[in-house]
Amino acid sequence: LRCRGSVKMPAGRLVGGSLLALGSVKVGQIGSDALTPTEVTAGDDYRLPIETAVLEEEIVKKEGNRERTSAMVAPLKDTLKDLPPDKLEAAKTLLSNIPKINKKLDELRARIAALRTEARQRGVCRMLVSKGIYAESVLCLGKEVLRVREDRLGPSRVLLEKGRVAILPD
């Protein structure tokens with residue numbers, strides 16, 4: 001299960017599989033006494049890597065276009081005034097494309113930065129578990145991970161403490 005909001009199932013059980021939420025997670029139980037591997041993540045945007053990869057791929061293409069365009073017009077820069085009118089017009093068109101490509105690159109980089117900022121602002125690295133967390137559960141807050149080795153009775157709060165995932169009594 002993946003969502004870009006919070007998951008609220010105060011009496012619900014998460015047993016097996018994985019849950020990834022950008023917001024907080026409030027559940028009754030994580031895992032089971034049968035040691036069913038269960039992974040729960042709060043505060044991580046599953047769409048961010050997908051969206052940024054598409055934009056980064058576009059950046060690579062645009063940078064390649066800019067480099068090819070620059071390489072094509074570089075030998076002509078010193079002889080622009082000597083070119084026939086049709087070739088002069090083509091060279092000017094190529095030269096005018098470089099600032100347009102640079103502007104598009106700036107826009108793409110700004111979009112990536114905005115997506116990362118939004119994910120950081122909306123991400124909530126917190127879980128509330130009312131009944132218990134069972135061994136073999138994996139709790140992730142943002143990019144930090146805790147593998148639960150023994151059962152923990154609830155109610156519990158799972159949060160980042162000194163940069164590490166901590167399970168505290170609630």
Shortest non-hydrogen contact between Pro99 and Ser96, atoms and distance: CD-O, 3.3 Å

Inter-residue atom distance Leu105.CG - Lys61.NZ, 0.5 Å rounding: 13.0 Å

Can you confirm whether Val40 sits close enough to Ser137 that some side-chain heavy atom of one is under 4.5 Å from a side-chain heavy atom of the other? no

Scanning both residues in full, the closest heavy-atom pair of Ala21 with Val7 reads CB-CG2, 4.0 Å

Output a table of donor-acceptor pairs, distance under 3.5 Å, between side-chain atoms of residues 62-69 and any protein atom two or more places apart or on a different chain; print 'none' if there are none.
residue : atom : partner : partner atom : Å
Glu63   : OE2  : Arg109  : NH2          : 2.5
Asn65   : OD1  : Arg68   : NH2          : 2.4
Arg66   : NH1  : Asn102  : OD1          : 2.8
Arg68   : NH1  : Gly64   : O            : 3.3
Thr69   : OG1  : Asn65   : O            : 2.8

Which distance, rounded to the nearest 0.5 Å, do you find between the CG of Leu22 and the OG of Ser6? 8.0 Å

Are Glu39 and Val145 side-chain neighbours, meaning at least one heavy-atom pair lies under 4.5 Å? no

Can you hop from Val54 to Ile59 via hydrophobic side chains spaced under 4.5 Å? no

For the hydrophobic clusters of this structure (ILVMFWY residues joined by side-chain heavy atoms under 4.5 Å, transitively), does one cluster hold both Met127 and Met9? yes

Please tabulate, for side-chain N and O atoms in residues 119-126, each donor-acceptor pair with protein atoms closer than 3.5 Å (sequence neighbours left out).
residue : atom : partner : partner atom : Å
Arg120  : NH2  : Thr117  : OG1          : 3.4
Arg122  : NH2  : Arg4    : O            : 2.6

Side chains of Glu56 and Val60: does their closest heavy-atom pair fall under 4.5 Å? no

Side chains of residues 158-169: which donor-acceptor partners sit under 3.5 Å, not counting sequence neighbours?
none

Considering all heavy atoms of both residues, which atom of Thr38 and which atom of Gly16 are nearest to each other, and what is their separation? OG1-N, 2.7 Å

Taking distance alone, no hydrogens or angles, what donor-acceptor pairs closer than 3.5 Å link side-chain atoms of residues 26-35 to residues at least two apart or in another chain?
residue : atom : partner : partner atom : Å
Gln29   : NE2  : Gly31   : O            : 2.7
Ser32   : OG   : Ala34   : N            : 3.2
Ser32   : OG   : Thr36   : OG1          : 3.1

Within one Ile-Leu-Val-Met-Phe-Trp-Tyr cluster: Leu14 and Leu1, side-chain cutoff 4.5 Å: yes

State the SG-CG distance between Cys3 and Leu19, to the nearest 0.5 angstrom. 6.5 Å

With side chains defined as the heavy atoms from C-beta onward, is the minimum distance between Leu115 and Leu55 less than 4.5 Å? yes

Would you say Glu57 has more than 12 foreign heavy atoms packed within less than 6.0 Å of its CD? no

Is there a chain of hydrophobic side chains (I, L, V, M, F, W, Y, each step under 4.5 Å between heavy atoms) that links Val25 to Leu20? no

Transitive ILVMFWY cluster of Leu153 at side-chain heavy atoms under 4.5 Å: who else is in it? none

Are any of the side-chain heavy atoms of Lys100 and Lys104 separated by less than 4.5 Å? no

Taking Ile101 as the starting point, is it possible to reach Ile112 by hopping between hydrophobic residues whose side chains are less than 4.5 Å apart? yes

Sorted by first residue and then second, give each salt bridge (charged side-chain N to carboxylate O under 4.0 Å, His left out) pair with at least one member in residues 130-143; sequence neighbours left out. Asp44-Lys143

Could you give the distance from OG (Ser24) to CG (Leu128), rounded to the nearest 0.5 Å? 7.0 Å

Could you go step by step and tell me if Arg111 and Glu107 meet the salt bridge (Lys or Arg N to Asp or Glu O under 4.0 Å) rule? CA-CA 6 Å; Arg111 180 70 183 132; Glu107 291 169 0; over 6 Å; no

